[in-house]
Amino acid sequence: QVQLVESGGGLVQPGGSLRLSCAVSGLSLDFSIIAWFRQAPGKEREGISCSSSGDQRTNYADSVKGRFTISRDNAKATIYLQMNSLKPEDTAVYYCAADRAFSRICLLSSKEYGAWGQGTPVTVSS
């Protein structure tokens, strides 16, 4: 059974940084596409970053490009999202997602991912 558990969310001031972690079990990250999504109050879930299997090419939504970085540690079975220069509009519940894929380019679509975490809230406010 695949399980993803996020951590690292919280309250941060505008301009600050946070690093989210997602511990993965039941799935090898060596052969997986991974992603981070977020959902702000009253809005639809948004794909913000993903990493392909194989060459681990990354893809970012325009809203976070240059500020957020997705990474993975296969040995630790953990996915990360480093968030810098945070803005109030980054306030949302953040979800990690993954799916088995030997060699597949990732997309920022929730349909691509079969395993999801429970979400961790991030609030950016002074």
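A 4.5 Å side-chain heavy-atom check between Tyr60 and Ser49 finds at least one atom pair inside the cut-off. The side-chain heavy atoms of Asn74 and Gln56, taken from C-beta on, include a pair separated by under 4.5 Å. Using a 4.5 Å heavy-atom threshold, the side chains of Tyr113 and Cys106 count as touching. At a threshold of 4.5 Å between non-hydrogen side-chain atoms, the residues Thr78 and Val24 do not count as touching. Side-chain contact check for Pro88 versus Ser125: every heavy-atom pair is 4.5 Å or farther apart. Counting heavy atoms from C-beta outward, Ile70 and Ile34 have side chains that approach closer than 4.5 Å. Cys22 is not listed as a side-chain neighbour of Tyr95, based on a closest heavy-atom distance of 4.5 Å or more. Contact of the Asp99 side chain with the Arg104 side chain is registered, since non-hydrogen atoms from C-beta on lie closer than 4.5 Å.
Checked by atom type and distance alone, the side chain of Ser28 pairs as donor or acceptor with a backbone atom of Asp30 at under 3.5 Å. Within the 3.5 Å criterion, the main-chain N or O of Ala92 finds no donor-acceptor partner in the side chain of Gln39.
Enclosure of atom CD1 in Ile105 is not indicated, since only 12 or fewer non-hydrogen atoms of other residues, nucleotides or ligands lie within 6.0 angstrom. For Glu89, the CD atom counts as densely surrounded, since its 6.0 Å shell holds more than 12 non-hydrogen atoms of other residues, nucleotides or ligands.
Taking OG from Ser21 and CD from Glu6, the interatomic distance works out to 10.0 Å, rounded to the nearest 0.5 Å. A distance of 7.5 Å separates CG in Asp90 from CE in Met83, rounded to the nearest 0.5 Å. The OG atom of Ser103 sits 7.0 Å away from atom CG of Asp55, with the distance rounded to the nearest 0.5 Å. The CD atom of Glu44 sits 14.0 Å away from atom CZ of Arg38, with the distance rounded to the nearest 0.5 Å. Atom CD in Gln13 sits 7.0 Å away from atom OG in Ser126 (nearest 0.5 Å).
The side-chain tip of Arg72 does not point at the ring of Trp36 from less than 6.0 angstrom away and within 45° of straight on.
Using a 3.5 Å distance cut-off with no hydrogens or angles, the side chains of Ser63 and Glu46 do pair a donor with an acceptor.
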task = Apply the test side-chain contact (heavy atoms from CB on, under 4.5 Å) to residues Thr69 and Leu81: give CA-CA distance (whole Å), side-chain angles for both, the deciding distance (0.1 Å), then the verdict.
result = CA-CA 6 Å; Thr69 303; Leu81 184 69; over 6 Å; no

ask   = Passes side-chain contact (heavy atoms from CB on, under 4.5 Å), Arg100 versus Val2? Steps please.
value = CA-CA 10 Å; Arg100 288 185 177 87; Val2 179; 3.9 Å; yes

Test side-chain contact (heavy atoms from CB on, under 4.5 Å) applied to Arg57 and Ser51, step by step = CA-CA 5 Å; Arg57 188 177 306 181; Ser51 173; over 6 Å; no

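Of all heavy-atom pairs spanning Leu27 and Ser32, the tightest one is CG-OG, 3.3 Å. Between Ala40 and Thr91, the shortest heavy-atom distance links the atoms CB-O, 3.6 Å. Between Ile33 and Ala101, the shortest heavy-atom contact is CG2-CB, 4.1 Å. The two atoms that bring Val122 and Gly9 nearest to each other are CG2-CA, 4.1 Å, heavy atoms only. Looking at every heavy atom in both residues, Phe37 comes nearest to Gly47 through CD2-CA, 3.3 Å. Taking both residues in full, the closest heavy atoms of Gly8 and Leu18 are given as O-CD2, 3.8 Å, listed atom of the first, atom of the second, then distance.
Cluster annotation: Tyr80 and Ile48 are assigned to distinct hydrophobic clusters (Ile/Leu/Val/Met/Phe/Trp/Tyr, side-chain heavy-atom contacts under 4.5 Å, transitive). Val5 and Val93 sit in two unconnected hydrophobic clusters of ILVMFWY residues. Membership requires side-chain heavy atoms under 4.5 Å apart, directly or through other members.
The pair Lys65-Asp62 meets the salt-bridge criterion, with a side-chain N (NZ, NE, NH1 or NH2) lying under 4.0 Å from an Asp/Glu carboxylate O.
In this pair, Tyr94 and Phe68 present their aromatic rings tilted. The plane angle is within the 30 to 60° band.
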